[in-house]
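Since the structure comes first, as structure tokens, the remarks are kept for the end.
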Amino acid sequence: MTRLSINVNKFALLRNSRGTDYPNLIEICKKCILYGADGITVHPRPDERHTKFADLKDIKNLLLDNSKIEFNIEGYPSELFIKKVLEAKPNQVTLVPDPPEAITSSFGWDCKENKIFLKEVIKEFQKNNIRVSIFVSPSINTLENLEVIEPNRVELYTFDYAHNYKSKKDESIKPYKEVVNYIKKNFPIIDFNAGHDLNLENLNFFLKEITLIKEVSIGHAIIIDSINFGLENTIKKYLKIIKDINK
Ligand code: PXP
């Protein structure tokens, strides 16, 4: 069944906006776990406006007591990022080609341009028993060299799907099916994650159409839904969508 990993970056943003420890990120993670999340995702950016590198150790320590909950750290593999991820030893690292000033992740890797870089970084993480996922756009053209790069998973960047979903539902899913079919056929050992702009409205159709998604990571919409429904009800609504698909 698809796992729900909650991206807690926006809670950290709220905390940082006051320069205090309120809300406390670990308390938020504990609540997410209590309400049923299967994982915690963070995306420490170079300016640390969301999750800070110093948060990684505390989250890792919390999850040591919860072996069923996966820790996923996303980000651009700068020297600092690599060092901090190796120290934190999450279950999974998701590599994203973000420039330092990015507001949010907005494209996947060009595997042709970054073949050697990705291959070496991925090997380093895998040597340390950290599963590696790479963020990819819904375009086969960007996926050359996967046989050399050898990620364990790819995370499908779902912005395009989410933004076309309302007006052209069937069209919006097509490029994702193409990419998934291409990878399944040529690299059957690679698994799939998905994320970005997934929400209560569009998650069901995506998971129905693209089966075998191992993990969705969702942040922005969960915060907004929590304003309307509260965190507990919100998480349960997402979990119900996932569960109903697997019935
Ligand atoms: N995946 C990646 C690589 C991201 O950068 C983000 C946003 O930080 C997400 C998933 C989650 O996107 P959203 O906040 O829109 O749910």
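Counting starts at 1 for both ligands and their atoms, in listed order. All values derive from a computational prediction rather than experimental measurement.
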For Asp197, is at least one N or O under 3.5 Å away from an N or O on ligand 1? yes

More than 12 heavy atoms of other residues, nucleotides or ligands under 6.0 Å from NZ of Lys243: is that the case? no

Protein residue, atom and distance nearest to atom 11 (C) of ligand 1, heavy-atom basis: Ser217 O, 3.8 Å

Ligand 1 contacted by Asn7 (non-hydrogen, < 4.0 Å): yes

When you check the side-chain N and O atoms of Asn228 and Asp225, is any donor under 3.5 Å from an acceptor? no

Would you check whether Ile218 reaches within less than 4.0 Å of ligand 1, judged by its heavy atoms? yes

If you count the non-hydrogen atoms of other residues, nucleotides and ligands that lie under 6.0 Å from NZ in Lys31, is the total more than 12? no

Which of the atoms of ligand 1 are close to Val96, meaning less than 4.0 Å from one of its heavy atoms? 3 (C)

Could you establish whether Asn9 and ligand 1 come within less than 4.0 Å of each other, counting only heavy atoms on the residue side? no

What pairs meet the ring pair (Phe, Tyr, Trp, His ring centres under 6.0 Å) rule with one or both residues in residues 199-232, with sequence neighbours excluded? Tyr161-Phe206, Tyr176-Phe206

Ala221 heavy atom under 4.0 Å from ligand 1: no

Name the closest protein heavy atom to atom 14 (O) of ligand 1, giving the residue it belongs to and the distance to 0.1 Å. His220 N, 2.9 Å

Here's a test for you: under side-chain contact (heavy atoms from CB on, under 4.5 Å), which of Leu13, Leu14, Asn7 qualifies with Lys10? Leu13

Pair Arg131-Asn152, side-chain hydrogen bond (donor to acceptor under 3.5 Å, both in side chains): steps then yes or no: CA-CA 6 Å; Arg131 184 202 303 138; Asn152 304 91; over 6 Å; no

For ligand 1, which part of Glu74 has a heavy atom less than 4.0 Å away: the side chain, the backbone, both, or neither? side chain

Would you mind listing which atoms of ligand 1 come within a distance below 4.0 Å of any non-hydrogen atom of Ser105? 3 (C), 4 (C), 5 (O)

Just let me know how His196 lines up against ligand 1, side chain, backbone, both or neither, with a heavy-atom cut-off below 4.0 Å. both

With no hydrogens and no angle check, do the side chains of Asn164 and Glu171 hold a donor and an acceptor under 3.5 Å apart? no

Near Gly219, which atoms of ligand 1 are under 4.0 Å from a heavy atom of that residue? 13 (P), 14 (O), 16 (O)

Examine His43 against ligand 1 and note whether any of their N/O atoms are separated by less than 3.5 Å. yes

Glu79, CD: over 12 other non-hydrogen atoms inside 6.0 angstrom: no

Under 3.5 Å, is there a donor on one side chain and an acceptor on the other for Asn72 and Gln92? yes

For Glu155, take its heavy atoms, then give the atoms of ligand 1 lying under 4.0 Å from any of them. 1 (N), 2 (C), 3 (C), 10 (C)

